[in-house]
2 protein chains.
Amino acid sequence: MKDKRTALLESGLRLFVENGFHATPTSQIAREAGVATGTLFHYFKTKEDLINSIYIENKDLLIKALKMDLEEQMTVKSKLRKLFFNFVYWALDYTCELQFFNQFSNSPFIDQLTKEQGMERFSFVFEIVKNGQETDVLKDLPADLLFDVAQGVLNGFVLNLLANRDRVNDLNFLENGFSLYWDCIKG
Amino acid sequence: MKDKRTALLESGLRLFVENGFHATPTSQIAREAGVATGTLFHYFKTKEDLINSIYIENKDLLIKALKMDLEEQMTVKSKLRKLFFNFVYWALDYTCELQFFNQFSNSPFIDQLTKEQGMERFSFVFEIVKNGQETDVLKDLPADLLFDVAQGVLNGFVLNLLANRDRVNDLNFLENGFSLYWDCIKG
DNA sequence: ATAAATATTGACTATTCAGTCAACAAATAA
DNA sequence: TTATTTGTTGACTGAATAGTCAATATTTAT
């Protein structure tokens, strides 16, 4: 029976985003998940263990969403295009999760090991960038730089989209977003 | 005598970044500032008041750094160039402050009003972008979008630079960074 | 059916912390 | 000088909280 565990992960996620880590009592997390405090500590050794689990398990879900319809034989550009739109739609559907990552990815509550495990999962994107450079499709700059800057554009775009939700249905706007992203890194 | 107040702002900044807001006792902030607890509450009504003061006063310092050598008669491109480099050098000198903003700008500890006051101070950059659009130097897209995306590129670049500090002295690298930034928004 | 393992409960505790306060010190004004 | 305001101190308090534990319930294995 894993649904109490899931309920704890979900109420934890929401409450941590709303109130912060230490301002959220474990008792409240448990209450809003509809379980007893003891149950929280049955599934998670400590409160820190809970937030680390929220981080890593949602990273996994994000990665899964990013990989949707991503095929090996695609060109670098269409792979990055797919990644761009997969991320945008994920962000629209999982705003709370996005906020969680924005707020806690650099926080001291998530331990170093967990952060590294989270980063590792993005290595496949890094590989696409490197591949794009080897085939001269992307700019000849350090791959890690292209990666970071592309991520920056994407973050900025998504932030803007979430602040102007009415633009979501403007397909042109989304295409313009991808152009900004692509033009920034294309060779 | 404002130096005890300043010492509190500084130790607060450092400790909040290292341990987080609630994981930092006011007693520790006071101790590391070399003053008594009571003194903290003499200068700041509450612990929240302290973190809001850290936020807004460092925003002011950042804005001042950004405006260095920024002249009204400059072209849009050279203004943005100046802003780019001013931000990069500020980030290198004030890494702790940058981390503070990254970690707390979206946190629930800083109240809405303070956040808005912080945003307001960036309106002069927004004006430069709008001006660039009116003179057809920048892309014809919503000004707020250009602003957010440019900010994203800058963040990504700085993040990358801080992770590879040896690149700081490679002037070519910095110029490449600005090219990424400029090419992304130029019309 | 019985035993063993696993899940669930919530009252309880030892600790921690934000903020107070009354006393004292230093600076400033009259 | 004397009075008043402003700065400084740190022991103290009331409230809140992470995690425990012994009891009970439920599931799984034999």
Side-chain angles (χ1 to χ4, degrees), chain A residues 1-58 100 103-104 107-115, chain B residues 1-58 100 103-104 107-115:
Chain A
M1 245 197 213
K2 282 283 165 80
D3 49 354
K4 301 214 168 179
R5 186 176 181 280
T6 308
L8 284 162
L9 288 168
E10 281 169 7
S11 66
L13 172 69
R14 207 187 58 254
L15 290 167
F16 286 151
V17 168
E18 278 168 20
N19 314 320
F21 180 66
H22 278 107
T24 307
T26 50
S27 56
Q28 196 188 0
I29 300 171
R31 187 166 1 100
E32 301 211 4
V35 305
T37 356
T39 307
L40 193 160
F41 290 96
H42 173 72
Y43 286 109
F44 307 97
K45 234 168 72 77
T46 63
K47 198 182 171 184
E48 252 104 23
D49 185 22
L50 171 64
I51 199 177
N52 278 287
S53 300
I54 292 172
Y55 176 86
I56 207 70
E57 292 180 31
N58 279 292
F100 179 87
Q103 203 174 128
F104 293 103
S107 81
F109 310 123
I110 314 259
D111 62 57
Q112 203 48 45
L113 184 68
T114 308
K115 280 179 193 170
Chain B
M1 246 195 214
K2 281 284 165 78
D3 48 355
K4 300 214 170 183
R5 186 176 181 280
T6 308
L8 284 162
L9 288 168
E10 280 168 8
S11 66
L13 172 69
R14 205 186 61 254
L15 290 168
F16 287 151
V17 168
E18 278 169 20
N19 314 319
F21 180 67
H22 277 106
T24 307
T26 50
S27 55
Q28 195 188 0
I29 300 172
R31 186 165 3 99
E32 302 211 3
V35 304
T37 357
T39 306
L40 193 158
F41 290 96
H42 173 71
Y43 287 109
F44 308 97
K45 234 168 72 80
T46 62
K47 195 181 173 186
E48 251 105 24
D49 186 22
L50 171 63
I51 198 175
N52 278 286
S53 300
I54 292 172
Y55 177 87
I56 207 70
E57 293 181 31
N58 279 292
F100 179 86
Q103 204 173 128
F104 292 103
S107 81
F109 310 122
I110 313 256
D111 62 58
Q112 205 48 45
L113 183 68
T114 307
K115 280 179 195 172

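Please read these numbers as outputs of a predicted model, since none were measured by experiment.
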Name the closest nucleotide to the Thr26(A) side chain, picking from dA18(D), dA18(C), dA11(D).
dA18(D)
Nearest-neighbour nucleotide for the Phe41(B) side chain, dG19(C), dA18(D), dT9(C) considered:
dG19(C)
Taking OP1 and OP2 of [N], is either one under 4.0 Å from a side-chain nitrogen or oxygen of [X]?
{"X": "His42(A)", "N": "dT8(C)", "value": "no"}
{"X": "Thr39(A)", "N": "dT9(C)", "value": "yes"}
{"X": "Lys4(A)", "N": "dT26(D)", "value": "no"}

Over how many whole Å does the gap from [X] atom [atom1] to [N] atom [atom2] extend?
{"X": "Leu40(A)", "N": "dA18(D)", "atom1": "CG", "atom2": "C1'", "answer": "10 Å"}
{"X": "Asn19(A)", "N": "dA16(D)", "atom1": "CG", "atom2": "P", "answer": "15 Å"}
{"X": "Arg31(A)", "N": "dA11(C)", "atom1": "CZ", "atom2": "P", "answer": "12 Å"}
{"X": "Asp49(B)", "N": "dT20(C)", "atom1": "CG", "atom2": "P", "answer": "12 Å"}
{"X": "Ile51(B)", "N": "dA18(C)", "atom1": "CD1", "atom2": "C1'", "answer": "15 Å"}

Would you say the side-chain atoms of [X] pair up with the backbone N or O of [Y], donor to acceptor, closer than 3.5 Å?
{"X": "Lys115(B)", "Y": "Ser107(B)", "answer": "yes"}
{"X": "Lys4(A)", "Y": "Tyr43(A)", "answer": "no"}
{"X": "Asp111(B)", "Y": "Asn52(B)", "answer": "no"}

I want to confirm an ordering. Mapping His22(A) and Gly38(A) to their closest nucleotides on DNA chain D, which one lands closer to the 5' end?
His22(A)
Of all heavy-atom pairs linking His22(A) and His22(B), the shortest is CB-CB, 3.0 Å
